[in-house]
Protein chains: 2
Amino acid sequence: MPAPRTPAGSARERILETAFRLFYAYGPRGVGVDTVIAESGVAKATLYKHFPRKDDLVLAYLDKVDQAWFGALRAAARAAGDAPRDQLVGMYDALAGACRREGYHGCAFINTAAEFPTGSEVHARTVEHKDVVRAWVTDLARRAGAAEPELLARQLTLLLDGGLAAGVLDGDPAVAEAAKRSARALVDAALG
Amino acid sequence: MPAPRTPAGSARERILETAFRLFYAYGPRGVGVDTVIAESGVAKATLYKHFPRKDDLVLAYLDKVDQAWFGALRAAARAAGDAPRDQLVGMYDALAGACRREGYHGCAFINTAAEFPTGSEVHARTVEHKDVVRAWVTDLARRAGAAEPELLARQLTLLLDGGLAAGVLDGDPAVAEAAKRSARALVDAALG
DNA sequence: AAGCTAACAGACAGGTCTGTCTACCACCAG
DNA sequence: CTGGTGGTAGACAGACCTGTCTGTTAGCTT
């Protein structure tokens, strides 16, 4: 048994997948551990073995969201071509994709950050994620030849956050379209 | 006693002011009714007399935030002069003011919306607020002569939401500066 | 066959939450 | 002086929350 030490439908996977779904829909604080247990068909002891505190489960949830969202962002950028300038605009297609998804409910990081106190481990993890994304965008902006890559990246991530965050209110796809057009205008203004 | 039927330091005022402070800092769901009672120095029966359900208090909180934030937005716009075009950019000074304020913790509406289920009364109230603001911005954009006032308003409120929402992660004032410069670029692009 | 591991099932403790209820007090108008 | 109003103080019910604990079962390895 070289690879599948933890098989696909293992208890841990089921817990995490259920938590992902419920936490995103209702907010981590709005979902009790008992609900996660019931919906994932797992014993309480098993959950607490894999995730000793509920916060550990929340952190794992955030990591899962990070993988999915940051992955979608990079995929959308790549799909727009090789030029960094095109990628800066193309990544907004990931936003459109998110808006269209059933059960879209805004930015998991901002929503979660709103529920946890500022100094907490969970809150810190959300900040980390945003920093990683902004660093990636900054790098793209620099390679695109922006005079002030830090500023452009800040502007573009601001727009991205706004588009994502607004999704908790209404998932209007017009938001994604407006964001993309804004991004194009900002990139054009910054790069001439 | 013609005017002061409800005196300044009345129980209702104290409750609402305390709720405002606590709900914004920890999120409505993160603050128990008992805490509001203790901090406002009021009896439990009194609170439930004025606000029969906790949600009523949350709604009153949102209305208070709405007054404060929308008021600041219009004041900042007015301070930028009479031209609608200048006001569209000037309103972002309200964002800078918010970022600098002690205890700044992002957008109360988005944070609250994240904690309540989509169909609920509280959630609906947050959506209303955003719609009112966007309608106001749309009107400004129209009077500024935008070809697509709906789109420009959507773009500008998106930016505003992004700047506000990001505040729950870190209250970096660079955000407000970037937002204002974005706004100027977008307005210039839309109005020529 | 023996033993180990992972998981299941569910009771339980201790705390917090919302919302109700009783009882008392202070003031002011008639 | 009497009754209404608005407030205080706090017990209480019932639900829900996290986290712990006991005991059992199934499968795999040796």
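Lettering of chains follows the sequences in order, A, B, ..., and the numbering in each one begins at 1. This is a predicted model, so every value here is computed, not measured.
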Query - Partner of A/R12 under side-chain contact (heavy atoms from CB on, under 4.5 Å), chosen from A/E17, A/K49, A/H50 - result: A/H50
Report summary line: What residues 24-32 of chain A contributes to the DNA chain D interface at heavy-atom separation below 4.0 Å is A/V31, A/G32
Query raised in the report: How far does NZ of A/K54 sit from CZ of A/R29, to the nearest 0.5 angstrom?
Result: 9.0 Å
Query raised in the report: Rounded to the nearest 0.5 Å, how far does CD1 of A/I110 lie from OG1 of A/T126?
Result: 9.0 Å
Report summary line: Residues in residues 33-42 of chain B with a heavy atom under 4.0 Å of DNA chain D, by number, are B/G41, B/V42
Requested in this report: Measure centre to centre between the rings of B/H129 and B/F109, then say whether the value is under 6.0 Å.
Outcome: yes
Query - Strand-adjacent residues in residues 46-65 of chain B, judged by heavy atoms under 4.0 Å from DNA chain C - result: B/Y48, B/R53, B/K54
Query raised in the report: Is the count of non-hydrogen atoms from other residues, nucleotides or ligands lying under 6.0 Å from B/Y24 atom OH greater than 12?
Result: yes
Query raised in the report: Separation of A/K44 atom NZ from C/dA11 atom P, in whole Å?
Result: 11 Å
Requested in this report: Determine, stepwise, if the pair A/W136 / A/L73 fulfils side chain to side chain contact (heavy atoms under 4.5 Å, CB included).
Outcome: CA-CA 10 Å; A/W136 173 71; A/L73 216 49; 4.0 Å; yes
Query raised in the report: When rounded to the nearest 0.5 angstrom, what is the spacing between CG in A/D66 and OH in A/Y61?
Result: 11.5 Å
**Report entry** B/T46 OG1 to B/I37 CD1 distance, which is reported to the nearest 0.5 Å
**Finding:** 8.5 Å
Query raised in the report: If you measure from CZ on B/R74 to CE on B/M91, what distance do you get to the nearest 0.5 Å?
Result: 13.0 Å
Report task. Supply the atom-to-atom distance A/D55 CG to A/F116 CZ, rounded to the nearest 0.5 angstrom. Result -> 5.5 Å
